[in-house]
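Reading through the structure tokens given below for one structure.
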Amino acid sequence: MTLVNGMKVRVKETFFQWIMRRSPPSDIKTLTQRNVYIFPTKEGGLFAGLLLLLLLTAINYQSSLIYLFTFFLGALFVFSIIFCFKTLAGLHLSLVGTNECFVYDDAVFSFSLKGKPRQYCESLCFIAPGQPIKKVDIAASEVATLDLAKRSTKRGLVSLGRIRLETVYPLGLIRAWTWLEFEKQALIFPDPIEGERLLSNAS
């Protein structure tokens, strides 16, 4: 069991090293085919299995109607792949600032997001470790803002870490996602110690 876990960790580290070579840490990112990945969701896999079953049925019974229905659903599947990819491709992200806080407070990372002209970015999900999922919609040529928080546990400079951006728009059959890592860090001050002296209210 220990050997298997060790192999899983090594494979995961190798995978993310490959990811970071394709998309190195930067505070300004533009998503392209180099750093956007696509794979069917569980529902998409079942849908593809249904298409295969329908195709075998159409071949077996030589039914033109089943052929038509199969090719129609297949076209929907292909268009879902295209639209899901175009939802992320071309998106421009900038980490514009961070706050300063004390230990055990939330370090906030502020982002600016903008799509290409006439690009609508629907149902974008930002997933950061230990934080609730943030969903954002961006209209064409609109600049949207997003704040992601990370609970600080020690003083010093703290980075947001690796986050995942994904969408299953428009039909939920295909998931397009990317991994993002940024350079800018938040400054965390030591936890303040309560003093014994009280400030006077006298003017």
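The first residue of the sequence shown is numbered 1, and numbering continues consecutively from there.
In this structure, Leu91 is a member of the same hydrophobic cluster as Ile163, with clusters built from ILVMFWY side-chain heavy atoms closer than 4.5 Å. Linking ILVMFWY side-chain heavy atoms closer than 4.5 Å, directly or via other members, places Val136 and Leu165 in a single hydrophobic cluster. Note on Leu173 and Tyr169: separate hydrophobic clusters, where clusters join Ile, Leu, Val, Met, Phe, Trp and Tyr whose side-chain heavy atoms are under 4.5 Å apart, directly or indirectly.
Ring orientation note: the planes of Phe47 and Phe77 are close to parallel, at an angle under 30° on the 30°/60° scale.
Other cluster members for Ile133: Ile127, joined by side-chain heavy-atom distances under 4.5 Å among Ile, Leu, Val, Met, Phe, Trp and Tyr. Ile188 belongs to a hydrophobic cluster whose other members, connected by ILVMFWY side-chain contacts under 4.5 Å either directly or through intermediates, are Val103, Tyr104, Val158. The hydrophobic cluster around Phe102 extends to Leu157, Leu187, Phe189, counting ILVMFWY residues whose side-chain heavy atoms fall within less than 4.5 Å of a member.
In terms of modelled atom types and a separation under 3.5 Å, the side chain of Gln119 and the main chain of Ala89 share a donor-acceptor contact. Checked by atom type and distance alone, the side chain of Asp27 pairs as donor or acceptor with a backbone atom of Lys184 at under 3.5 Å. Looking only at distances, no side-chain donor or acceptor of Asp137 sits under 3.5 Å from a matching main-chain atom of Glu122.
Remark: Ser80 OG to Leu171 CG distance equals 4.5 Å, nearest 0.5 Å.
Counted by atom type alone, Asn35 and Thr178 present zero donor-acceptor pairs between their side chains at under 3.5 Å.
When side chains are defined from C-beta on, Phe85 does not count as touching Ile174, because their heavy atoms never get closer than 4.5 Å. For the pair Phe126/Leu124, a side-chain contact is recorded, criterion being any heavy-atom separation below 4.5 Å from C-beta on.
No more than 12 heavy atoms of other residues, nucleotides or ligands lie within 6.0 Å of OH in Tyr120, so this atom counts as exposed by the packing criterion. With a 6.0 Å radius and a threshold of 12 heavy atoms from other residues, nucleotides or ligands, Phe69 has its CZ atom at or below the threshold. Remark: Tyr37 OH is packed, more than 12 non-hydrogen atoms of other residues, nucleotides or ligands lying under 6.0 Å away.
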**Message:** Pair Phe182, Phe111 - check ring-ring contact (aromatic ring centres under 6.0 Å, His included), show working.
**Reply:** CA-CA 11 Å; Phe182 301 92; Phe111 293 87; 4.9 Å; yes
